[in-house]
Amino acid sequence: MLNKISSITLFFITIATTEVKALETRFSSDITVDSSFIDNNTFTEPVIRGLLNVGFETKLTSLIGKQSYIFVGYALQRGEQGSDIAGDIQGFSNIDEKDFNHAFEVILAVELSEKLFVKLGQMDANSDFANTKYGQEFINSSMGVSPTIQGLPTYPQPSMGLYSQYKLNSAITTRLGYYESSAKYNHFDDFFSIAEVQWHYQGNSSVKLGVWNHSHRENSDRVSASATDIYIAVDHYFNEKFSAFMQWGQAKKKVAIIEKHFSIGVNYQGLFSEEDTLGLGFTQADVVAAASEQVTELFYLYPLNDKINIKPDLQFISSPSGNKLMGDLVIFTLRLSAQF
């Protein structure tokens, strides 16, 4: 699979392996397995898929003289794509995808000053933009990122880009990103830019306002177009037990499949143990020239130990893909995840 690993990946790997004795290197791996059962009153279909991530991070501070690191990650996914069977548009599982294995992220990061931080390389833009801290344990993809953001380079296909973060003060941070965003893997004929302002309040709460642009996107008439729109993401920490999130996004009908999106959710930690989490969320996607797909999700995360978690998840989906003629879906997923 060397042809799928960019030359920059090999460059970073060479640095990390040759300097491993002198530089601090941390290796990581995690695996997620979803076993789902899809029911729409006419059929019940089991779906199983898994995602493996491996990587390493090497600190370069002693070489560069500034706080810095490189990160190289590799991802492998196998199994059926559940949404192809269910027919939903928001993605009821955030690890769903056709089989792939490739270098996922290859990043060089440097803290240029106390206020300015930059990254260069192949990156998952959703790690830095349009995400929700208290929505990350939900399985439905639209709980983690608004589907109205067209062309965002994220799972399963991050892309080459440049990211910068500047702290105006203790409460306000600005972020800018510019990425290659072609449907083909790093083909450099399509670009995505994004800017986000974050306001942090009460310690663990935040409000994020973002604007994005996706250039050369083709609409239904296959005419080159440029899309620009906005999104909002809110995380609120009530206390050690309760936390909540909210997202809203929109996109122009000419270039979008989903023109508006809204999601909201709440978490309760410590139901039966100090580390377990119960979550309830709702997400709605307004499909262009169709109805709205609405999803209600309920999950319970239970840590078996400090490395392995089990998560039963139940989703009710009405008007899948905005089609009121399709039967409503009930999807149960049992997610097993482990980190090493």
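Everything numeric here is computed off the predicted structure, so don't read it as measured data.
No side-chain N or O of S141 forms a donor-acceptor pair with one of N94 less than 3.5 Å apart. Counted by atom type alone, Q247 and S263 present one or more donor-acceptor pairs between their side chains at under 3.5 Å.
Among all heavy-atom pairs drawn from Q315 and V295, the shortest one is OE1-CG1, 3.5 Å. Minimum interatomic distance between P158 and H102 (heavy atoms only, all atoms of both residues): CD-CE1, 4.5 Å. Nearest heavy-atom pair across R49 and E80 is CD-O, 3.4 Å. Shortest non-hydrogen contact noted between D328 and S318 is OD1-CA, 3.4 Å. When all heavy atoms of N323 and L325 are compared, the pair lying nearest together is OD1-N, 2.9 Å. In terms of heavy atoms, S292 sits closest to S319 at O-CB, 3.5 Å.
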Stepwise side chain to side chain contact (heavy atoms under 4.5 Å, CB included) check, F138 with N267: CA-CA 10 Å; F138 289 86; N267 300 291; 3.7 Å; yes
Evaluation steps, side chain to side chain contact (heavy atoms under 4.5 Å, CB included), between W212 and D229: CA-CA 6 Å; W212 55 269; D229 235 303; 3.7 Å; yes
Side chain to side chain contact (heavy atoms under 4.5 Å, CB included) between L60 and L108, worked out: CA-CA 9 Å; L60 302 177; L108 170 63; 3.8 Å; yes
Trace of the side chain to side chain contact (heavy atoms under 4.5 Å, CB included) decision for I257 with Q150: CA-CA 9 Å; I257 299 174; Q150 305 290 311; 5.6 Å; no
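Y231 and F129 have their aromatic ring centers separated by at least 6.0 angstrom. For an aromatic pair to be called close, the ring centres must be under 6.0 Å apart, and F238 with Y134 fails this. Outside the 6.0 Å centre-distance limit, the rings of F104 and Y74 are not counted as a close aromatic pair.
You'll find the side chain of L176 stays beyond 4.5 Å of the side chain of Y166, heavy atoms only. A 4.5 Å side-chain heavy-atom check between L334 and P312 finds at least one atom pair inside the cut-off. Between T148 and W248 there is no side-chain heavy-atom pair separated by less than 4.5 Å. The shortest side-chain heavy-atom distance between M143 and F299 does not fall under the 4.5 Å cut-off. Using a 4.5 Å heavy-atom threshold, the side chains of S159 and F192 count as separate. No side-chain heavy atom of V266 sits less than 4.5 Å from a side-chain heavy atom of S243. Residues N40 and M326 are not in side-chain contact: their nearest non-hydrogen atoms beyond the backbone lie 4.5 Å or more apart. Using a 4.5 Å heavy-atom threshold, the side chains of D39 and F37 count as separate.
Tracing side-chain contacts under 4.5 Å through hydrophobic residues (I, L, V, M, F, W, Y), one reaches L209 starting from V211; they form part of the same cluster. I31 and L304 fall into different hydrophobic clusters, where Ile, Leu, Val, Met, Phe, Trp and Tyr are joined by side-chain heavy atoms under 4.5 Å apart, directly or via other members. No chain of hydrophobic side-chain contacts below 4.5 Å, direct or via other Ile, Leu, Val, Met, Phe, Trp or Tyr residues, connects I308 to V33. When the side chains of ILVMFWY residues are joined at heavy-atom separations under 4.5 Å, either directly or via intervening members, F242 and M246 end up in two distinct hydrophobic clusters. Residue I95 is not grouped with residue L301 when hydrophobic side chains (ILVMFWY) are merged at heavy-atom distances under 4.5 angstrom, including chains of intermediate members.
Judged by distance alone, with hydrogens and angles left aside, the side-chain atoms of R335 form no donor-acceptor pair with the main-chain N or O of I139 at under 3.5 Å. A donor-acceptor contact shorter than 3.5 Å links the side chain of D96 to the backbone of G82. Between the S68 side chain and the K66 main chain, a donor and an acceptor come within less than 3.5 Å of each other. For N204 (side chain) and Y237 (main-chain N/O), no donor-acceptor pair under 3.5 Å exists by modelled atom type. Here the side chain of K311 pairs a donor or acceptor atom with the backbone of E137 at under 3.5 angstrom. Listed for the S113 side chain is a donor-acceptor partner under 3.5 Å among the backbone atoms of L116. Formation of a donor-acceptor pair under 3.5 Å by the N126 side chain with backbone atoms of T154 is not found in this model. Between the side chain of K208 and the backbone N or O of N131, at least one donor-acceptor pair lies under 3.5 Å. D276 places a side-chain N or O within 3.5 Å of a backbone atom of L271 that can act as its donor or acceptor partner. With hydrogens and angles disregarded, a donor-acceptor distance shorter than 3.5 Å links the side chain of E105 to the backbone of D124.
No option in T283, I89, I258 other than I89 meets the side-chain contact (heavy atoms from CB on, under 4.5 Å) test with E293.
In this structure, CG on L298 lies 10.5 Å from CZ on F332, to the nearest 0.5 angstrom. Atom CD1 in I331 sits 4.0 Å away from atom CD1 in I317 (nearest 0.5 Å). The CG atom of L329 sits 7.0 Å away from atom CG of D88, with the distance rounded to the nearest 0.5 Å. Between the CG atom in D34 and the OG atom in S337 there is a gap of 9.0 Å [rounded to 0.5 Å]. A distance of 10.5 Å separates OH of Y302 from CD of E275, quoted to the nearest 0.5 Å. Note that CD1 of I70 is 13.5 Å distant from NZ of K59, once rounded to the nearest 0.5 Å.
With a 6.0 Å radius and a threshold of 12 heavy atoms from other residues, nucleotides or ligands, E57 has its CD atom above the threshold. Other residues, nucleotides and ligands place more than 12 heavy atoms under 6.0 Å from the OH atom of Y268. Heavy atoms of other residues, nucleotides or ligands lying less than 6.0 angstrom from CD of Q136 number more than 12.
Taking the six-membered ring where the residue is Trp, F191 and Y178 present parallel rings, their angle staying beneath 30° rather than reaching 60°.
Applying the ring-ring contact (aromatic ring centres under 6.0 Å, His included) test to W199 and every residue at least two apart in sequence or in another chain returns Y201.
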